[in-house]
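When a residue number appears, it is its place in the shown sequence, counting from 1. These numbers were taken from a predicted model, which means no experiment stands behind them.
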Amino acid sequence: MSPTGTPASPTGTSAAPVPLSARHTFRSVAPVLALCWLAVFFDGMDVSVYGAVLPHMLDDPSLGLTPAAAGAIGSWVTFGMLIGALGTGTLTDWLGHRPVLVTSVLVFSAGSAACAVSGGPAAFGAGRFLAGLGLGGLMPICLSTVMEFAPPRRAALATGLLMTSYHAGGMVATGLGLTLAPALGWRSVFWAGVLPAVIAAPLLLRLLPESPGVLLAKGRTAEAHAIADRYGMARPAPADAPPQGAKGRLGSVLALFRPGVRWATPLLWLASFCGLLLVYDVNTWLPQMMRTTGYGLTSSVSFLLVINAGGIAGMFLAGRTADRFGPVAVSALWFLLTAAGALLLGRHLPLGLTYVVVALTGIWLFSAQTMVYAAVNHVFPPADRTTAMGWVTGIGRTGAVAGPWLGGVLAAGGNSRLGFAVFAAAGLLGAAAIGLVAVATRRDRG
């Protein structure tokens, strides 16, 4: 390999250069995408497991869990995610993607183990908070890593592909809730949450490459170029490297409000708030909400499986559409369709039709939020993306805190069906916020 990444001919002279676009493909970066996919799979499994076993936990008198306490605990994990996500951007730029990601996996695995051995709501909530710290750090790292390594014109599709793993994990969690929980108790499902420390952490530590931009920022130029060449990427320029030192990390945060993005930043935060309120409220309370509308326990839990299956299909559809029309437009439309689906779910429809509506709502709901993340890639330059992603996911976690808590309040008051109206309102507000990002960016740059 020549210093520029051009393959050498057998005679030792450089062969005709291969266009970068031909070398930088999904196949060339597949190992990175696969490792991040695995990490986010376990993220989705851990987040969804609470909603999948919540009906069994509420029926367990030895635990002493009430609907109000269940909603509060659902918010504790997302509050931990908020803290983890806000700290991740600056820590990752300082320490590197790989060590922070591996630490995040170990932390949320430890939290799952703590939940499995907990003796009451307080100890269980502490375990969920610990899990949240790790989960909050994992998502922005994986998103920014995939966006950095993905072919530039396929960034939205790569983001969608990554997030299919989240819903695959959610489906597995639901399957565990349907099989393990009735047979072995709800604690057995949380023991399954220790698997990431055994499976994912060693693979990430050994195989995941470090960010070329971070390596360049640390002065490890040769390593940065070698990784870029290995995966067919453009070599990072100094402008792509995140600033180092305490002053540099503060500058990365302040850059989110510089001319050109200062209005887009809070709009992305608001859209993320709405999207994550929907995601976490649905994953926590959908089975219980569907029970209150007249469906049986098995059907209610299986709706969580179906909505996550719809989420997987939606990621492919949204990613391909966003690469053509832009993630902002797709996210806005998907939020509107989510609002319509939520209103339909609030009606007691025939069971077969309900499954169809749940699947369609999953197609729109989850990828609406994912395209908010893809929009970060369009709005912010490479040097600011990890910090921007951390703050978009972090501030958005306030929605993830509010959603489960609000669901618990409604359930405690016997008003769970009002949750569908909350879903619809969040969809409408999310559509307005993300729709205004393009307007705000043009105004800022004009």
Side-chain angles (χ1 to χ4, degrees), residues 75 78-79 81-89 136 139-140 143-144 147 156 159 163 252-284 318 322 326-342 364-380 384-407 419 421-445:
S75 295
T78 49
F79 183 65
M81 289 179 178
L82 185 155
I83 297 173
L86 291 180
T88 291
M139 186 64 75
L143 284 165
S144 59
M147 288 179 184
T159 305
M163 294 305 293
S252 293
V253 177
L254 296 178
L256 304 183
F257 298 95
R258 72 179 189 283
V261 297
R262 56 189 167 191
W263 293 111
T265 293
L267 286 169
L268 286 167
W269 290 356
L270 179 57
S272 185
F273 169 90
C274 294
L276 288 174
L277 183 148
L278 285 165
V279 168
Y280 285 91
D281 204 351
V282 164
N283 274 326
T284 302
V328 170
V330 171
S331 181
L333 177 58
W334 264 229
F335 269 120
L336 289 174
L337 292 170
T338 296
W364 317 126
L365 186 156
F366 297 107
S367 49
Q369 170 63 24
T370 297
M371 291 304 104
V372 174
Y373 297 146
V376 173
N377 191 58
H378 282 239
V379 172
F380 296 95
D384 299 332
R385 281 177 194 156
T386 300
T387 298
M389 189 65 70
W391 280 80
V392 167
T393 56
I395 297 297
R397 297 295 181 188
T398 58
V401 172
W405 168 81
L406 182 58
V422 173
F423 292 167
L428 293 174
L429 183 58
I434 192 66
L436 287 171
V437 167
V439 176
T441 303
R442 285 196 299 268
R443 178 182 176 183
D444 257 357
R445 294 172 182 175

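Between the CG atom of Asp281 and the CG atom of Leu276 there is a distance of 11.5 Å, given to the nearest 0.5 Å. Atom-to-atom distance recorded for Leu270:CG and Ile395:CD1 is 11.5 Å, nearest 0.5 angstrom. Here the straight-line distance linking atom CZ of Phe273 with atom CG of Leu429 works out to 8.0 Å at 0.5 Å rounding. Put simply, CZ on Phe366 and CG on Leu278 are 9.0 Å apart, with the number rounded to the nearest 0.5 Å.
Between Phe380 and Thr265 there is a side-chain heavy-atom pair separated by less than 4.5 Å. Between Ile434 and Val437 there is a side-chain heavy-atom pair separated by less than 4.5 Å. Side chains of Thr393 and Tyr373 form a contact here, defined as non-hydrogen atoms less than 4.5 Å apart. Looking only at side-chain heavy atoms (C-beta outward), Leu428 and Phe335 stay at 4.5 Å or farther from each other. Met389 places a side-chain heavy atom less than 4.5 Å from the side chain of Met147. Between Met163 and Met371 there is no side-chain heavy-atom pair separated by less than 4.5 Å.
A donor-acceptor pair is defined here as one N or O able to donate and one able to accept, closer than 3.5 Å; no such pair exists between the side chain of Ser331 and the backbone of Val328. A donor-acceptor pair is defined here as one N or O able to donate and one able to accept, closer than 3.5 Å; such a pair exists between the side chain of Ser272 and the backbone of Val392.
In terms of heavy-atom proximity, Ala433 sits nearest to Ala271 at CB-N, 3.8 Å. Closest approach of Ala332 and Ala431 over heavy atoms only: O-CB, 3.5 Å. Across every non-hydrogen atom of Phe423 and Ala342, the tightest pair is CB-CB, 3.4 Å. Pairing each heavy atom of Ala374 with each of Pro327, the nearest pair is CB-CB, 3.8 Å.
The aromatic rings of Trp364 and Trp334 sit perpendicular to each other, their planes meeting at more than 60°, with 30° as the lower class boundary.
By the side-chain contact (heavy atoms from CB on, under 4.5 Å) test, Ala329 pairs with no residue at all, sequence neighbours left out.
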Practice item. In sequence, state the C-alpha distance, the side-chain angles, and the governing distance for Leu365 and Val282, and then conclude on side chain to side chain contact (heavy atoms under 4.5 Å, CB included). Key: CA-CA 10 Å; Leu365 186 156; Val282 164; 3.7 Å; yes
